[in-house]
Amino acid sequence: MFKENIMMSLENIVHNKMRVFLTVLGVIIGVTSVISLITIVEGATSDIVEQFEELGVSQLNVQIFGTPAKDSLSPQDLLDIENIENVDVVSITTSTTGTAIFEEYLMEDLPVIGKDYTSFQQYEDDLIGGRTINKIDVANKTHVANITKEVEQQLFRGKSGIDKTIFINGISFKVVGILDDGRSSEEIYIPYNTVMHLNGGNRIDSIEVFMDDTSKGKQITADLEKILDRIFQNAENSYYIFDIADLLEQLDEITGVMTAMLTGIASISLVVGGIGIMNMMLVSVSERRSEIGLRKALGAKKSDIQILFALEAIIISIIGGIIGMILGNLLAYLAAVGLSIPFKISVGGTILGTIFSITVGIIFGWSPARKASKQNAVDCLRDS
Amino acid sequence: MNKNKIIELKKIEKVYKMGTENFKVLKEVDLIVNEGEFLSVLGPSGSGKSTLMNILGCLDSATTGEYYLNDTLVSSMNDRKLSNIRNRQIGFIFQSFHLLPRLSALKNVELSLNYSKISKKERLRRAKEALDKVGLQEKYNYRPNQLSGGQQQRVAIARALANNPTILLADEPTGALDQETGKQIMMLFEQLHKEGKTILMITHDQKIAQYGDRVIEILDGELFENRGVNNV
């Protein structure tokens, strides 16, 4: 019986091709927009998330501004921070600006950034020649430098700078590695404990706190804040903790809201599509009064008639859903290629699209089907 | 004449509300139809004969009175049970055939079997058997618009027969046909009658009514017995 109903519905749909197509267009547009928007947003988000994750979720970056009374961290402070539970190691960044000279070439006001070897390990990926600064360099306070490829270009005029000696503020440093961070920045990196040789100071600009266990990020951040507040005696704006995991969480929230909003907007078109289906089914009911009357005379119960019409509405909206899914993914794919963001078929979007289209069929097919089932058989048979 | 009563109506009344006034379409109708009978109900339009037919066919319910079909009281049944009765016990034949245009003759006949719990194979067998009986063994796969009026009415009769109902209810079965074709359809009814089918036919046509072995006249909602055979 169920199979016969489906066959009957399909035959009716085929017979009214044009009408069904126009009706189903609303659902197609609705599902297409839901799926393409969700897929594009998910793709863009995963792209952004990936970029942030590259920066490292296992570390907290702390900018140290200090107070007039205490402008930096003491070795004891650093030790305290390193002793926080689940903190692996603390890496110091201290920077200055300087003038770099090689032979007759000169660059002024160059940022010179001193870091610990733990941080330098992270520059391995950016290395395009030579080596990064290592543990021994830092331990021995060796005068070695990593320079960005822009600095190499300017100082060495197209020649390799590796193993050449440059002068920073008059002090000699050997270039051991060339970096390309993709940001075209002009920077020189040296071991943090050699920066003081350049300007005599030992101010710590920022520290990177590496975590053993990223899931404990919240607790570590809280402990860190407690210690820093104690160090700077609760002075406002004395430090800033930049937590990538926290940022990712916020990003996730923002995209969640955005997805919900886009879905909401797209579902308006689904509702419009549903109204189209309802309208068509109502027309169908009045066109097929004779059939309704006959079926009742042959022994169809109210529920049989209702199922017959409801099924037709659901099949129509599912057809719209399937076409919408194909178009939506196609559109998302084209957009992904155009915006050069990754494309991945969205499972959530597909499930949502399917549920949406079936629901539209059920909701908007229900009332016409009910109307059909309530038709008086006698009237139906007499009218036609 | 000690035959089984197929239908028994006791003081059946049907009242329609027309605004504030009540309009009595059927007035205290009593009727007995016995097994194997071919009964004609003759009446002009507006006499209440269609209402009578709808009540007999369990498509409509009486306002008051009792209706027994095969000794079962059907006048107080709900939709589900009435659907079942229509499906099992009643074969409808309409003036305008009421065939579904997109289905073949065979599928149209099968339609009445779709609402009973019969296997696909058995449905097909019975549908073919019914079409063979009305002389359409060559036309299984023809659609209604490929058949003549008479052939379409034969498909409809086959559909009414397929479920082997207790009674055939025919409403002006020749109304949409020319005289010659109408005659052939009536001969098919006579043949079915001879085979033992109980038939109740409603018509406004005196000549057609005479095919029945009993004629009852209906006028303004009242029945009048009329030993028709001598009364042409």
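Because the structure is predicted, anything quoted here is derived from the model rather than measured. Chain A is the first sequence line, chain B the second, and so forth, proteins listed ahead of strands; every chain is numbered from 1.
- By the 6.0 Å contact criterion, CD1 on A:I345 is open, its count of non-hydrogen atoms from other residues, nucleotides or ligands being 12 or less.
- Expressed to the nearest 0.5 Å, how far OG of A:S290 lies from CZ of B:F94 amounts to 9.0 Å.
- Other residues, nucleotides and ligands contribute over 12 non-hydrogen atoms within 6.0 Å of the CG atom of B:D30.
- Summarising the local packing, CZ of A:F343 is surrounded by more than 12 heavy atoms from other residues, nucleotides or ligands at distances under 6.0 Å.
- When B:I90, B:L111, B:L99, B:D60 are compared by the number of non-hydrogen pairs under 4.5 Å with chain A, B:L111 comes out ahead.
- Within 6.0 Å of the OH atom in B:Y140, the count of heavy atoms belonging to other residues, nucleotides or ligands exceeds 12.
- Shortest non-hydrogen contact noted between A:A297 and B:R86 is O-CB, 3.6 Å.
- Contacts with chain B were tallied for A:K296, A:M8, A:H15, A:R288; A:H15 has the most, counting heavy-atom pairs under 4.5 Å.
- Proximity of a side-chain donor or acceptor of B:R102 to a complementary backbone N or O of A:N12 within less than 3.5 Å is not detected.
- Of all the heavy atoms in A:K302 and B:D79, the pair that sits closest is N-OD2, 3.3 Å.
- The number of heavy atoms from other shown groups lying within 6.0 Å of NZ (B:K107) does not exceed 12.
- No part of B:R88 comes within reach of chain A, as not one of its non-hydrogen atoms sits under 4.5 angstrom from that chain.
- Of the possible polar contacts, one joining the B:N87 side chain to the A:L298 backbone as a donor-acceptor pair under 3.5 Å is found.
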Given A:E11 and B:L100, is the side chain to side chain contact (heavy atoms under 4.5 Å, CB included) satisfied, shown in steps?
CA-CA 12 Å; A:E11 266 184 61; B:L100 296 192; over 6 Å; no
Working note: B:Y115 + A:R295, criterion side chain to side chain contact (heavy atoms under 4.5 Å, CB included); need CA distance, chi angles, decisive distance, verdict.
CA-CA 9 Å; B:Y115 294 103; A:R295 284 179 183 274; 2.8 Å; yes
Run the side chain to side chain contact (heavy atoms under 4.5 Å, CB included) check on B:F92 and A:L381 step by step: do they pass?
CA-CA 11 Å; B:F92 285 97; A:L381 288 165; over 6 Å; no
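- Without hydrogens or angle criteria, B:N114 side chain to A:E4 main chain gives no donor-acceptor distance under 3.5 Å.
- Nearest heavy atoms, B:S83 versus A:A300: OG-O, 3.6 Å.
- Summarising the local packing, OH of B:Y16 is surrounded by more than 12 heavy atoms from other residues, nucleotides or ligands at distances under 6.0 Å.
- Residue B:K24 places its NZ atom among 12 or fewer non-hydrogen atoms of other residues, nucleotides or ligands, all under 6.0 Å distant.
- The 12-atom threshold is not exceeded at CG of B:D71, counting heavy atoms of other residues, nucleotides or ligands nearer than 6.0 Å.
- Looking at B:K120, only its side chain comes within 4.5 Å of chain A, counting heavy atoms on both sides.
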